[in-house]
Enquirer: 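One structure coming up, written as structure tokens, with questions to follow.
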There are 2 protein chains.
Amino acid sequence: MIDKLIQHINSKIENKLSQHDIDLLSDVFRTKKIRKHQYFIQEGDICKIAGFVVKGALKKYTIDDTGKENIFELYIENWWAGDKESFMTDTPTPYYIDAYEDTEMLVISKVDFLSKLNKLSFFSEFNRALTERQSFQLMKRLRSSQTLTAEQKLEELQNTYPEFFQRFPQHIIASYLGMTKETLSRIRSNTLRK
Amino acid sequence: MIDKLIQHINSKIENKLSQHDIDLLSDVFRTKKIRKHQYFIQEGDICKIAGFVVKGALKKYTIDDTGKENIFELYIENWWAGDKESFMTDTPTPYYIDAYEDTEMLVISKVDFLSKLNKLSFFSEFNRALTERQSFQLMKRLRSSQTLTAEQKLEELQNTYPEFFQRFPQHIIASYLGMTKETLSRIRSNTLRK
DNA sequence: AGAGAACGTTGACTTAAATCAACGTTTTAT
DNA sequence: ATAAAACGTTGATTTAAGTCAACGTTCTCT
């Protein structure tokens with residue numbers, strides 16, 4: 001199971017991992033299974049672990065005062081799930097993350113992350129690249145959120161992460177895009193008609 | 001002039017900079033002045049430099065097909081201006097950055113950034129912290145963009161960056177918040193009335 | 001196999017914010 | 001000093017998307 005993580009890290013760094021690195025990774029990551037509908041984190045938690053999705057699907061969202069879910073991230077295989085801000089700064093998370101499918105993750109504690117991984121040059125390089133990439137994606141999403149119409153947002157997501165449409169139902173995709181399920185449904189029937 | 005940069009970096013890292021570090025920084029950063037209305041970067045540029053604002057104010061924006069400016073970032077003293085994605089990945093930027101006031105910056109080339117700074121542990125620590133912080137802020141802004149009303153967005157900005165309201169006119173603030181100047185004006189007159 | 005939940009669609013109506021336009025005030029440049 | 005540009009406000013109108021509600025279909029669990 002650690003293989004998928006090794007592959008993932010290898011794909012993002014310059015030099016392949018040594019056997020020693022691999023042993024160390026096997027040591028600090030542990031398996032965590034989350035059944036459908038179960039929480040990985042809940043609002044108010046101070047996140048002590050972060051997780052790499054080996055198999056399954058999850059969603060990250062807030063719940064507003066009317067009880068509505070606002071979804072911000074969707075995770076499938078090879079994504080990192082968690083609230084990095086809560087993890088790094090020891091502050092309560094505003095998010096929930098729960099499994100939309102039965103999920104298997106490799107998780108690491110903050111203690112191990114800081115004391116064992118982050119001082120390894122391969123890992124800090126990997127982590128830097130990942131953080132940077134996430135920040136580019138966030139900037140793009142903010143831009144889309146502020147400038148695109150609902151129809152354009154849908155089209156962009158279909159180009160960027162087509163796999164989401166295979167894994168999540170429409171009402172979840174709609175919330176991720178910041179629109180209602182009704183709006184998404186209408187856009188789809190309009191664009192099909194063309 | 002380099003003093004402001006030194007102070008800024010010192011405030012974000014564990015151990016203070018040594019004289020040697022300071023000399024090195026003085027060496028790789030050069031001064032750049034930008035007069036009001038002049039560009040720092042333009043759409044299509046591959047950004048070869050990034051800059052620290054010593055004095056002045058700038059805005060980062062795209063221009064849509066109708067010619068409208070959509071503002072995404074505002075920079076004043078002690079902010080880093082540039083398109084990091086273009087800078088790091090050598091891709092054309094979609095943004096313009098221009099000076100809203102006469103501005104003085106300390107700029108660094110990508111070559112020096114990679115070959116001289118990033119291998120210094122104090123700088124990579126600083127850079128990591130900065131990138132991480134920006135990514136947290138972006139997540140928060142995306143969340144606000146998707147879940148808050150215009151009135152709530154204004155209130156949040158007044159709490160987060162009250163200094164922007166002293167430095168930029170309302171129509172620029174409005175665009176930064178993803179609303180029109182008319183909407184911002186109406187919100188203000190409504191909330192004053194209360 | 002059957003009940004209930006989850007999901008997607010459609011229609012009628014509402015609403016927050018955008019657009020369009022006009023106008024007064026302030027700032028800027030020469 | 002003065003003309004032009006930049007800025008902010010207000011009113012009338014439009015519009016994209018949200019809300020509310022009903023209904024049919026498809027999963028899912030036991």
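Being a predicted model, the structure only gives us computed values, none of them experimental.
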Enquirer: Using the rule given for salt bridge (charged side-chain N to carboxylate O under 4.0 Å, His left out), can you reason through A:Lys110 versus A:Asp90, listing the C-alpha separation, both sets of side-chain angles and the distance that settles it, and then say yes or no?
Expert: CA-CA 10 Å; A:Lys110 179 172 179 181; A:Asp90 297 308; 3.0 Å; yes
Enquirer: Return the value, rounded to whole Å, for the distance between atom CD1 of B:Ile172 and atom C1' of D:dG8.
Expert: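 After rounding, the gap between these two atoms is 13 Å.
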Enquirer: For DNA chain D, whose closest nucleotide is more 5', that of A:Met179 or that of A:Lys36?
Expert: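 The answer here is A:Met179.
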Enquirer: Is there a side-chain hydrogen bond (donor to acceptor under 3.5 Å, both in side chains) between B:Tyr61 and B:Asp98 once you walk through the steps?
Expert: CA-CA 9 Å; B:Tyr61 56 96; B:Asp98 65 26; 2.6 Å; yes
Enquirer: Write down the protein N/O and nucleotide N/O pairs, taken from nucleotides 4-6 of chain C, whose separation is under 3.5 Å; answer none if there are no such pairs.
Expert:
none

Enquirer: Does D:dA17 have OP1 or OP2 under 4.0 Å away from a side-chain N or O of A:Thr180?
Expert: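 No, no such contact exists.
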Enquirer: Is B:Glu101 salt-bridged to B:Arg167, cutoff N-O under 4.0 Å?
Expert: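 Between B:Arg167 and B:Glu101 there is a salt bridge, with a charged N closer than 4.0 Å to a carboxylate O.
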Enquirer: What I'd like to find out is whether the side chain of B:Thr131 reaches to under 4.5 Å of the side chain of A:Arg128, using heavy atoms alone.
Expert: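 Not in contact.
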Enquirer: If we only count heavy atoms from C-beta on, is the A:Ile63 to A:Tyr96 side-chain gap below 4.5 Å?
Expert: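 Side-chain contact under 4.5 Å: yes.
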Enquirer: Rounding to a whole Å, what distance do you find between B:Gln170:CD and D:dG8:C1'?
Expert: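 Going from CD in B:Gln170 over to C1' in D:dG8 covers 6 Å.
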Enquirer: Does a nitrogen or oxygen in the side chain of B:Thr183 sit under 4.0 Å from OP1 or OP2 of C:dA18?
Expert: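 The answer is yes; a side-chain N or O of B:Thr183 sits under 4.0 Å from OP1 or OP2.
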Enquirer: Decide if the gap between the ring center of A:His8 and the ring center of A:Phe126 is smaller than 6.0 angstrom.
Expert: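 Close enough - the centres of the two rings lie under 6.0 Å apart.
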Enquirer: Nearest whole Å is fine: how far is D:dC7 P from B:Arg188 CZ?
Expert: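 In whole Å, D:dC7 P lies 15 Å from B:Arg188 CZ.
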Enquirer: Which of residues 152-162 of chain A sit near DNA chain D, with a heavy atom under 4.0 Å from it?
Expert: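 Hits under 4.0 Å, by residue number: none.
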Enquirer: Would you kindly check if the NZ (Lys) or CZ (Arg) of A:Lys59 is within the cone defined by 45 degrees around the ring axis of A:Tyr100 and under 6.0 Å from the six-membered ring centre?
Expert: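 No, A:Lys59 does not sit over the ring of A:Tyr100.
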Enquirer: Has B:Ser189 got a side-chain N or O lying under 4.0 Å from the OP1 or OP2 atom of D:dT9?
Expert: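 So the side-chain polar atoms of B:Ser189 never come under 4.0 Å of the phosphate oxygens OP1 or OP2 of D:dT9.
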Enquirer: How do A:Phe168 and B:Gly178 order along DNA chain C: which one's closest nucleotide is nearer the 5' end?
Expert: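 Between the two, 5'-proximity favours A:Phe168.
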Enquirer: Donor-acceptor pair, A:Ser86 side chain versus A:Ile46 backbone, under 3.5 Å?
Expert: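 No, because the side chain of A:Ser86 does not come within donor-acceptor range (under 3.5 Å) of the backbone of A:Ile46.
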Enquirer: Identify which nucleotide among C:dA17, C:dA18, D:dT19 has an atom closest to any side-chain atom of B:Ala150, counting heavy atoms from C-beta outward.
Expert: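 Of C:dA17, C:dA18, D:dT19, C:dA17 is nearest to the side chain of B:Ala150.
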Enquirer: In whole angstrom, what separates A:Glu182's CD from D:dA16's P?
Expert: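 Rounded to the whole Å, the gap is 18 Å.
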Enquirer: Using whole Å, what does the distance between atom P of nucleotide D:dC7 and atom NZ of B:Lys181 come to?
Expert: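 B:Lys181 atom NZ is separated from D:dC7 atom P by 11 Å.
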Enquirer: Using atom NZ of B:Lys68 as one end and atom P of C:dC20 as the other, report the distance to the nearest whole Å.
Expert: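 My rounded result for the distance is 11 Å.
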Enquirer: Tell me which nucleotide among D:dC20, C:dG8, D:dT9 gets nearest to the side chain of B:Ser185.
Expert: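 Of the options given, the side chain of B:Ser185 lies nearest D:dT9.
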Enquirer: Nearest whole Å is fine: how far is D:dG8 P from B:Ile187 CD1?
Expert: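 Taking atom P of D:dG8 as the reference, CD1 of B:Ile187 is at 15 Å.
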Enquirer: Report the C-alpha separation of A:Glu104 and A:Lys55 in whole Å, then their side-chain angles, then the decisive distance to 0.1 Å, and conclude whether the salt bridge (charged side-chain N to carboxylate O under 4.0 Å, His left out) test is met.
Expert: CA-CA 5 Å; A:Glu104 286 175 32; A:Lys55 185 160 183 10; over 6 Å; no
Enquirer: Can you tell which of C:dA17, D:dT9, C:dT10 lies closest to the side chain of A:Arg186?
Expert: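 Of C:dA17, D:dT9, C:dT10, C:dT10 is nearest to the side chain of A:Arg186.
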Enquirer: I need the single residue from B:Leu58, B:Ile34, B:Leu106 that forms a side chain to side chain contact (heavy atoms under 4.5 Å, CB included) with B:Val53. Which is it?
Expert: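 Only one of B:Leu58, B:Ile34, B:Leu106 forms a side chain to side chain contact (heavy atoms under 4.5 Å, CB included) with B:Val53, namely B:Leu58.
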Enquirer: What is the distance from CD1 of A:Ile173 to C1' of C:dT9, rounded to the nearest Å?
Expert: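 In whole Å, C:dT9 C1' and A:Ile173 CD1 are 17 Å from each other.
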